[in-house]
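Here the structure is laid out as structure tokens; the discussion comes afterwards.
Every chain is numbered from 1 and lettered A, B, ... according to where its sequence line falls, protein lines coming before strand lines.
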Amino acid sequence: MHLLLVDGSGYIFRAFHALPPLNRKSDGLPVGCVQGFCNMLFKLTQDMDGDDAPTHMAVIFDAKGKTFRDDIYPQYKAQRPPAPEELVPQFPLTRSATRAFSIPSIEMEGWEADDIMATYACMARDAGFKVTIASSDKDLMQLVEPDGSIRLLDTIPRPGQPPLRWIGPDEVFTKFGVTPDKVIDVQALCGDSVDNVPGVPGIGVKTAAQLITEYGDLETLLSRAEEIKQPARRQKLIDNAELARVSKQLVTLEQKVPVEIDLDGLTRQPINPSALFPFLKAMEFATITKRLATLLEANPDDFEPDATLAANKDNPVPGAPQKSTSLSVAKAKLAANMVPGSGPARHAAAEHARIKAIPVNYEAYEIVTTPDALERCIDKVFAKGHVAIDTETTGLDPQQADLVGICLSTEIGEGCYIPVGHRKSGDMFEGGEGLVEGQLPIGFVLEALKRVLQDKSILKIGQNVKYDLEVLTRYGVAMAPIDDTMLISYALDGPRYNGLDVLAEHWLDHKTITYAALAGTGKNQKTFDQLEIAEAARYAAEDADITLRLWHVLKPRLAAENVTALYETIERPLAPVLAHMEARGITVDRQILARLSGDFAQRAAAFEAEAHELAGQSFNLGSPKQLGEILFDKMGIEGGTKTKTGAWATGADVLEGLAAKGHPLARTIVDWRQLTKLKGTYTDALPNYINPRTGRVHTSYSQASVLTGRLSSNDPNLQNIPVRTEDGRKIRTAFVAPEGKTLISADYSQIELRVLAHIADIQALKDAFEEGLDIHAMTASEMFNVPVEGMPSDVRRRAKAINFGIIYGISAFGLANQLGIERSVAGEYIRTYFERFPGIKDYMDAQKARVKADGHVMTIFGRKIQFPNANSGNPSERSFVERASINAPIQGSAADIIRRAMIRMEPELKKAGIEADMLLQVHDELIFEVPEGTEDQAIPVIKRVMEGAAEPAVRLTVPIQVDAHAAKNWDEAH
DNA sequence: ACGGCCACTTA
DNA sequence: GTAAGTGGCCGTC
């Protein structure tokens with residue numbers, strides 16, 4: 001793999017200075033620079049062709065506007081004259097040129113091209129790529145690697161020198177007198193007059209290199225400046241230490257820019273003649289058109305000049321009026337806003353202030369009803385490189401709802417709403433007829449939008465993108481790549497703020513239009529297709545606009561708060577995987593459930609009659625209030641307790657106690673409750689979830705609502721299908737493989753205890769797992785001095801409860817409750833456990849201290865779990881946080897592991913040539929559907945992916961074990 | 001029609 | 001003792 005990064009901005013200025021004759025096309029637009037740029041780009045790709053040709057490529061530009069360096073040092077690059085007038089209109093054209101060559105063109109507001117190149121170079125190097133940066137900017141020399149994995153390529157023609165000059169460690173040494181890793185220290189001292197980096201006055205490259213070589217690095221030098229013999233030099237260093245530090249910050253390239261496109265997105269594409277020639281012809285570049293026509297064996301006459309570019313609409317010539325007043329307000333606010341912290345943190349805070357100051361204007365939103373308007377909308381997206389999108393549908397179920405409209409927002413404050421499915425009122429029964437007039441045909445709109453939505457170089461930003469992915473997939477659109485503001489927020493702040501409305505209120509101080517205000521509530525609530533298009537447009541466009549704003553506010557925080565890796569490697573790639581799983585669904589056998597419902601109903605009725613008999617009166621068994629009154633008031637049973645609201649407690653544990661004391665009614669109620677629960681929640685409810693279109697049940701996974709990083713499942717919840725009791729398991733037999741298929745269930749064995757052993761570094765536990773022992777029996781034997789052979793089941797049961805207790809942040813109170821023993825005895829157990837497994841107590845104390853100090857704890861993959869009330873004045877609340885902070889890294893790390901497994905599963909199965917569909921996730925278990933007879937090929941791959949999911953990010957010090965079984969239904973596979 | 005509470009289900 | 005979601009009852013709006 002070989003990544004070629006081109007310093008686009010460098011190329012533009014070189015083209016400008018190297019090509020004195022001013023080229024203009026027929027309408028007077030200066031294009032000489034664009035031409036030079038095209039020639040250089042083309043020549044570079046030709047020169048690089050060969051054995052070592054780049055497999056990935058991008059051109060990186062400086063975006064306009066401030067960067068974090070302006071906040072650190074306002075004079076940075078301040079002496080630069082503004083760009084020459086004739087160059088300005090050529091800037092956007094060079095971006096178009098890059099795209100015309102089918103090369104990703106990347107620029108990001110707030111970052112210099114050098115920072116973006118540094119980020120990609122490091123990403124690629126870490127992924128085992130070779131990297132070439134086409135630039136002669138000395139600021140990039142800090143990136144050069146001694147092993148040659150990152151090199152610069154200087155392509156400026158210089159008389160008497162070869163056309164291509166590689167810059168490796170030796171060349172860097174020649175230039176700076178130090179190895180590449182010391183370049184920033186040298187630059188910090190000698191400064192840079194071109195960029196206005198101050199450095200230490202009077203110190204040049206030679207002296208700087210000598211000092212850094214002698215002292216090792218800048219900080220050491222500054223701390224030992226007193227030792228320098230030359231008095232003048234010593235004084236200069238002491239006086240200007242701060243200036244040197246600031247200079248170092250200025251020249252240090254940021255390697256964690258939150259880039260929108262991953263390395264995959266930079267894969268080289270063949271040149272597309274239908275993109276290239278319309279551009280070249282619009283620019284009136286005859287020579288290069290001819291050369292490329294020959295090379296590509298294409299006929300340029302087959303293509304028309306690009307109308308937009310030829311008409312010069314989007315590239316106003318200098319002097320054209322500039323819009324935007326709110327921007328200057330925002331800029332003033334930004335200047336006044338001094339933010340502490342690192343570069344990325346300052347940048348994030350500055351972006352927040354800037355975005356928050358831009359008011360929402362509903363009048364600026366546009367309704368798209370003509371092909372021309374749609375084209376303009378799409379052109380804007382291509383010019384921008386990213387777009388916020390929101391789809392509007394007739395309902396909340398992504399497997400059922402119909403598309404009503406799509407909204408795109410490319411600029412903050414703007415939004416194009418494209419209605420496609422609004423219906424006239426009273427038209428519910430007319431099927432495909434009755435659309436409101438004036439809407440573009442849905443097929444036409446989707447075909448046009450596919451160009452944007454399926455373009456690898458255009459980032460689609462949404463709020464809860466999984467929903468849009470599923471809807472669009474049903475309409476034949478495979479949207480990628482994506483960013484999701486909900487998931488970014490989740491990576492940063494956990495599930496605290498989810499919905500768009502909450503995020504908007506919290507970050508932008510903006511209250512969004514509620515759907516209820518638009519459509520009413522209750523059974524008379526209108527569906528989206530029944531809304532007036534104008535009303536719908538305001539709502540939809542606001543959502544897209546707000547999503548874009550939130551993206552600008554939240555995305556920079558990822559780098560500033562060190563959760564980029566978590567978001568990029570876990571959250572972002574998981575969303576499409578979940579979309580696939582939800583779309584597949586699982587087959588549920590109606591007949592089995594119907595039979596069970598009948599059985600449960602009969603038996604429950606018998607229990608009910610028995611209960612009325614025993615109580616001596618008729619009452620509602622489903623009412624805990626009535627039951628409590630009968631048991632404790634009417635029958636006068638002693639020892640009843642009250643819940644915190646003052647009602648009689650009648651939970652299963654209470655009733656079990658009463659039954660043991662000889663009250664048969666209590667047992668009857670327990671049995672009745674269990675049966676009615678199974679019937680009401682499962683056998684009666686599940687058939688209503690069978691989708692008439694697919695004949696399967698499609699749950700919805702929430703990726704962003706669990707504190708610890710687990711998924712949750714709803715509508716229906718397929719993560720709490722019964723398994724414990726015999727009756728409960730019958731429900732699982734209704735989850736079946738269809739004709740010709742088999743289900744596979746693969747589950748992690750004791751994943752949380754293994755994770756605990758790793759995190760807390762408990763040697764005894766690790767050894768036990770290494771040897772494949774029964775972990776609860778081993779615990780029991782350690783604690784109670786009982787041999788594993790012939791151990792009574794009750795002893796093992798107690799140890800098992802203790803092991804779970806440890807994971808849950810044990811308390812004597814809780815353990816006593818669980819085991820039905822005295823608090824003092826439970827306390828003694830815990831003390832013994834801490835003695836036998838040294839390290840556990842340390843782990844617990846460490847988490848408690850961490851959460852109090854930082855307000856969060858962390859999983860082994862860097863997921864932060866926030867506890868805002870860790871220092872609460874309420875003691876019971878504080879104890880709660882302590883227990884949760886002990887549990888969260890364990891539960892969360894296990895959750896991260898299975899998330900990683902899920903992300904890798906589909907590509908790995910595909911690579912192994914196995915046809916297996918991942919259907920469900922139940923925290924430590926994955927359910928697959930495979931063609932009958934392929935179980936034995938699928939299972940080893942599934943196990944390998946799950947067992948190795950932590951690597952290479954984390955090398956676990958315990959073995960991970962996965963058990964997998966195949967069968968025709970879930971009960972037997974489990 | 002909505003929301004709190006209690007009960008039950010899972011890992 | 002950790003983390004979730006759903007359904008029925010019942011009071012309030």
Side-chain angles (χ1 to χ4, degrees), chain A residues 494-495 516 520-525 619-628 642-655 669-670 672-682 684-686 689 699-702 705-725 727-729 731-732 747-748 750-753 756 801-819 823 826 829-830 844 847 857 865 867 876 879-892 894-895 898 920-925 974:
Chain A
T521 55
K523 69 177 169 61
N524 292 322
Q525 186 170 63
F619 70 102
N620 184 349
L621 271 71
S623 166
K625 185 164 167 277
Q626 293 182 30
L627 175 65
K642 299 279 182 86
T643 66
K644 61 172 174 286
T645 52
W648 289 112
T650 67
D653 48 344
V654 175
L655 297 184
I669 298 288
V670 169
W672 178 88
R673 276 187 183 162
Q674 192 190 77
L675 280 174
T676 52
K677 177 71 178 180
L678 295 180
K679 181 171 182 292
T681 309
Y682 302 104
D684 287 352
L686 277 173
Y689 283 101
T699 183
S700 172
Y701 287 105
S702 173
S705 54
V706 179
L707 196 65
T708 55
R710 277 189 177 179
L711 299 178
S712 77
S713 155
N714 56 35
D715 299 305
N717 181 354
L718 296 186
Q719 290 182 321
N720 70 349
I721 301 302
V723 69
R724 232 179 57 255
T725 65
D727 280 325
R729 275 198 302 277
I731 292 166
R732 288 201 171 206
D747 69 298
Y748 284 105
Q750 308 287 2
I751 181 84
E752 294 194 351
L753 275 176
L756 170 69
I802 295 167
N803 277 332
F804 275 101
I806 296 294
I807 289 171
Y808 295 155
I810 203 155
S811 76
F813 180 85
L815 184 61
N817 253 347
Q818 176 69 28
L819 287 176
R823 273 251 285 285
Y829 282 3
I830 295 170
M844 294 184 167
Q847 298 308 319
V857 289
I865 296 130
F867 292 97
S876 78
S879 315
F880 178 78
V881 168
E882 287 180 357
R883 290 193 299 273
S885 72
I886 289 166
N887 172 258
I890 304 169
Q891 187 181 119
I898 196 166
L920 302 179
Q921 189 251 40
V922 192
H923 307 309
D924 63 357
E925 175 187 12
H974 185 69

Looking for any heavy atom pair under 4.0 Å, which part of the strands does A:Ser879 touch: base, sugar-phosphate only, or nothing?
-> nothing
Sugar-phosphate or base contact per nucleotide [nucleotides 3-13 of chain C; S, B, -; heavy atom under 4.0 Å] | BSBBS-SSS--
Select base, sugar-phosphate, or nothing to describe what A:Gly805 touches, counting heavy atoms under 4.0 Å on all strands.
-> base
First contact, last contact: which nucleotides of DNA chain B are these for chain A, 5' to 3', heavy-atom distance under 4.0 Å?
-> B:dA1 to B:dA11
Within the structure shown, what part of the strands sits under 4.0 Å from A:Ala801 by heavy-atom distance: base, sugar-phosphate, or nothing?
-> base
With a non-hydrogen cut-off below 4.0 angstrom, is A:Gln818 in contact with a base, only sugar-phosphate, or nothing?
-> base
List in chain and number order the residues that pass salt bridge (Lys or Arg N to Asp or Glu O under 4.0 Å) with A:Glu882, two or more places apart in sequence or in another chain; answer none if no residue qualifies.
-> A:Lys852
Salt bridge (Lys or Arg N to Asp or Glu O under 4.0 Å) against A:Asp684, all qualifying residues, sequence neighbours excluded | A:Lys679
For residues A:Arg673 and A:Thr650, is any side-chain donor paired with an opposing acceptor at under 3.5 Å?
-> yes
Pairing residues for A:Tyr689 by the side chain to side chain contact (heavy atoms under 4.5 Å, CB included) criterion, not counting sequence neighbours = A:Val697, A:Asp715, A:Pro716
List for me each residue that meets side chain to side chain contact (heavy atoms under 4.5 Å, CB included) alongside A:Thr521, sequence neighbours excluded, and say none if there are none.
-> A:Ala516
If you look at every strand shown and take non-hydrogen atoms under 4.0 Å, does A:Leu711 touch a base, only sugar-phosphate, or nothing?
-> nothing
side-chain hydrogen bond (donor to acceptor under 3.5 Å, both in side chains) against A:Glu925, all qualifying residues, sequence neighbours excluded = A:Ser745, A:Trp970, A:His974
d(CG, A:Leu756; C1', C:dG1) in whole Å | 14 Å
Would you classify A:Ala652 as touching base, sugar-phosphate or nothing, given that sugar-phosphate means primed atoms plus P, OP1 and OP2, and contacts are heavy atoms under 4.0 Å?
-> sugar-phosphate
Taking only residues two or more places apart in sequence, or in another chain, which ones meet A:Ala685 in a side chain to side chain contact (heavy atoms under 4.5 Å, CB included)?
-> none
Identify, with sequence neighbours excluded, every residue that meets side chain to side chain contact (heavy atoms under 4.5 Å, CB included) alongside A:Asn620.
-> A:Ser623, A:Gln626
